[in-house]
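What follows is one structure encoded as structure tokens, with my remarks underneath.
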Amino acid sequence: MLVSFVVPCYNEEESLPIFYKEACHVSDILRKEYQAEAEFIFIDDGSSDGTVKELRKLRKKDDRVRFISFSRNFGKEAGLYAGLKNAEGDYVATLDADLQDPPSLMPEMLRFLTENKEYDCVATRRETRKGEPLVRSLFAKLFYKIINKLSGTEIMDGARDFRFMTRKFVDAILDLTEYNRFSKGIFSWVGFKTHWISYKNIERVAGKTKWNFWSLFRYSIEGIAGFSTVPLAFASFLGVFCCDAAFIGIIIVVLRALLFGDPVAGWPSMISIILLIGGLQLFCIGIVGEYLAKTYTEVKHRPIYIIKETDEDNLE
Ligand code: UDP
Ligand code: MG
């Protein structure tokens, strides 16, 4: 039995040695308990620090280490895809390099998968959002509420990308070759039975998080546009609603003019209404644009990532 560790890394030179030590420790346990061999697949996502150097060093001393280095930063989703594509294991785990996804949970996760054959994935979520800025928590909660209302694909609140999957599950993920990859949705969309375990939020061991409020906001729009078309229907619903309101308004205005004459008044209210309608139209065009942009990037069929170097290159 071979277990693959898939680890996306972006500027993680400080975390990598600590992660590697921990991963070795866990793979020793896996070997003892399941006679499982391990392979470590690191994806350097166009890091600007010494991440690649660190990976070459690890490769030199341990040939279970493999790595793929991207030509630029393609994002964590692309990293995960590249990792899964190159993983050869019967079981594959995806986890962060910063030890926020504790590898120590892996033996327990693997045990569950091997003992419960009807499950094809063990996934993790965090128990609480403690230690996170209040506004971010609020928006995160709101996001999960909205997306689960709008999308038929269930997106688990607080789900992390830390997962242990069977080969079958991984192959299904790889069949989804879309360019705009929203992993949380993809993992759920492929189906299969997933077992959830939760754990407390852990601070990263070194380095900084790559997320800020704005990037998280973009990511949430990405998720909604990727896994729901309800906003498009919402635009036409809004249009029908406005037309109905306008129709009733016209009847009222005509009747009033016939019955009471028409003193020229109501300029401010007219401007307000014009602004409102104009705003709604732009908003709806914006929604359409969001989907159009997604379609545009998909039909170009650009590769999800581009490789600059791998462990086979043996560069110094
Ligand atoms: N990551 C990546 N490409 C990116 C951003 C992040 O491969 O463009 C990796 C990063 O090195 C880490 C994981 O994705 O292993 C999670 O990133 P981070 O810790 O910044 O996110 P957080 O844990 O704060 O959600
Ligand atoms: Mg992290």
Side-chain angles (χ1 to χ4, degrees), residues 4-23 40-55 58 65-87 92-103 105-106 123-133 135-137 139-140 143-144 155-163 179-184 186-187 198-220 222-223 304-309:
S4 310
F5 293 53
V6 168
V7 190
C9 315
Y10 179 49
N11 294 343
E12 301 281 7
E13 72 176 327
E14 290 162 54
S15 328
L16 269 178
I18 316 174
F19 175 87
Y20 174 72
K21 235 172 98 191
E22 183 70 25
F40 307 125
I41 301 177
F42 295 95
I43 301 93
D44 160 48
D45 190 8
S47 302
S48 53
D49 67 352
T51 300
V52 192
K53 242 192 236 144
E54 199 59 52
L55 290 175
L58 290 179
V65 172
R66 291 166 52 202
F67 71 86
I68 298 165
S69 179
F70 288 174
S71 59
R72 65 168 170 86
N73 181 249
F74 279 86
K76 182 184 177 184
E77 312 286 338
L80 282 177
Y81 180 77
L84 293 179
K85 203 165 164 183
N86 287 279
V92 181
T94 53
L95 61 173
D96 288 2
D98 57 10
L99 290 181
Q100 279 187 303
D101 302 332
L105 285 176
M106 288 175 60
T124 59
R125 55 189 299 231
R126 33 188 195 166
E127 255 159 34
T128 58
R129 298 196 163 267
K130 233 165 63 193
E132 203 182 51
V135 196
R136 186 177 294 187
S137 292
F139 272 90
F143 164 67
Y144 284 108
I155 314 283
M156 182 66 93
D157 186 358
R160 296 199 50 93
D161 291 333
F162 181 21
R163 284 172 179 258
Y179 182 81
N180 298 289
R181 301 186 74 77
F182 182 67
S183 284
K184 287 184 199 325
I186 290 176
F187 283 137
S198 48
Y199 60 88
K200 285 214 174 59
N201 208 11
I202 305 165
E203 295 285 309
R204 55 161 48 242
V205 284
K208 284 199 299 274
T209 176
K210 281 93 203 172
W211 293 96
N212 57 38
F213 187 80
W214 181 240
S215 61
L216 281 172
F217 182 73
R218 280 298 318 163
Y219 184 66
S220 65
E222 192 86 6
I304 296 170
Y305 59 87
I306 289 170
I307 297 176
K308 183 171 117 196
E309 177 190 340

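As the structure is a computational prediction, the values presented were derived from the model and not from experiment. Counting starts at 1 for both ligands and their atoms, following the listed order.
- Taking atom 18 (P) of ligand 1 as the reference point, the nearest protein heavy-atom neighbour is R204 NH2, 3.4 Å.
- Scanning the protein for heavy atoms near atom 14 (O) of ligand 1, the closest one is K76 CD, 3.2 Å.
- Atom CZ of F217 sits in a sparse spot, with 12 or fewer heavy atoms from other residues, nucleotides or ligands closer than 6.0 Å.
- Counting heavy atoms under 4.0 Å from ligand 1, residue E77 does not touch it at all.
- Closest heavy-atom contact between E12 and S15: OE1-OG, 2.8 Å.
- Regarding atom 3 (N) of ligand 1, its nearest protein heavy-atom neighbour is D45 OD2, 2.6 Å.
- Under 3.5 Å, the side chains of D101 and Y199 contain a donor-acceptor pair of N or O atoms.
- Those atoms of ligand 1 that come under 4.0 Å of a heavy atom in C9, given as number and element, are 7 (O), 11 (O).
- Near D98, meaning under 4.0 Å from one of its heavy atoms, ligand 1 places the atoms 19 (O), 23 (O).
- Scanning the protein for heavy atoms near atom 10 (C) of ligand 1, the closest one is E12 OE2, 3.2 Å.
- With respect to the Mg ion (ligand 2), D98 has OD2 as its nearest N, O or S atom.
- Nearest protein neighbour of atom 8 (O) of ligand 1, counting heavy atoms only, is N73 ND2, 3.1 Å.
- The shortest contact between atom 1 (N) of ligand 1 and any protein heavy atom is with Y10 CB, 3.7 Å.
- Taking a cut-off of under 4.0 Å to the non-hydrogen atoms of R160, the atoms of ligand 1 that pass are 23 (O).
- Remark: aromatic rings of F5 and F40 are close, center separation under 6.0 Å.
- Under a 4.0 Å criterion applied to the non-hydrogen atoms of G75, ligand 1 contributes the atoms 3 (N), 8 (O).
- Using a cut-off of 4.0 Å between Lys/Arg side-chain N and Asp/Glu carboxylate O, R160 and D96 are scored as salt-bridged.
- The shortest heavy-atom contact between A78 and I304 is CB-O, 3.5 Å.
- Using a 4.0 Å cut-off between charged nitrogen and carboxylate oxygen, K76 and D161 count as a salt-bridge pair.
- Closest to atom 20 (O) of ligand 1, if we only count protein heavy atoms, is K210 N, 2.8 Å.
- The closest approach between G79 and ligand 1 stays at or above 4.0 Å for every heavy atom of the residue.
- Rounding to the nearest 0.5 angstrom, the gap separating the CZ atom in R66 from the CG atom in L58 is 14.5 Å.
- In this structure, atom 7 (O) of ligand 1 lies nearest to the protein heavy atom P8 CB, 3.5 Å.
- Of the N and O atoms on the side chains of Y179 and E77, not one donor lies less than 3.5 Å from an acceptor on the other residue.
- Taking CZ from F19 and SG from C9, the interatomic distance works out to 7.5 Å, rounded to the nearest 0.5 Å.
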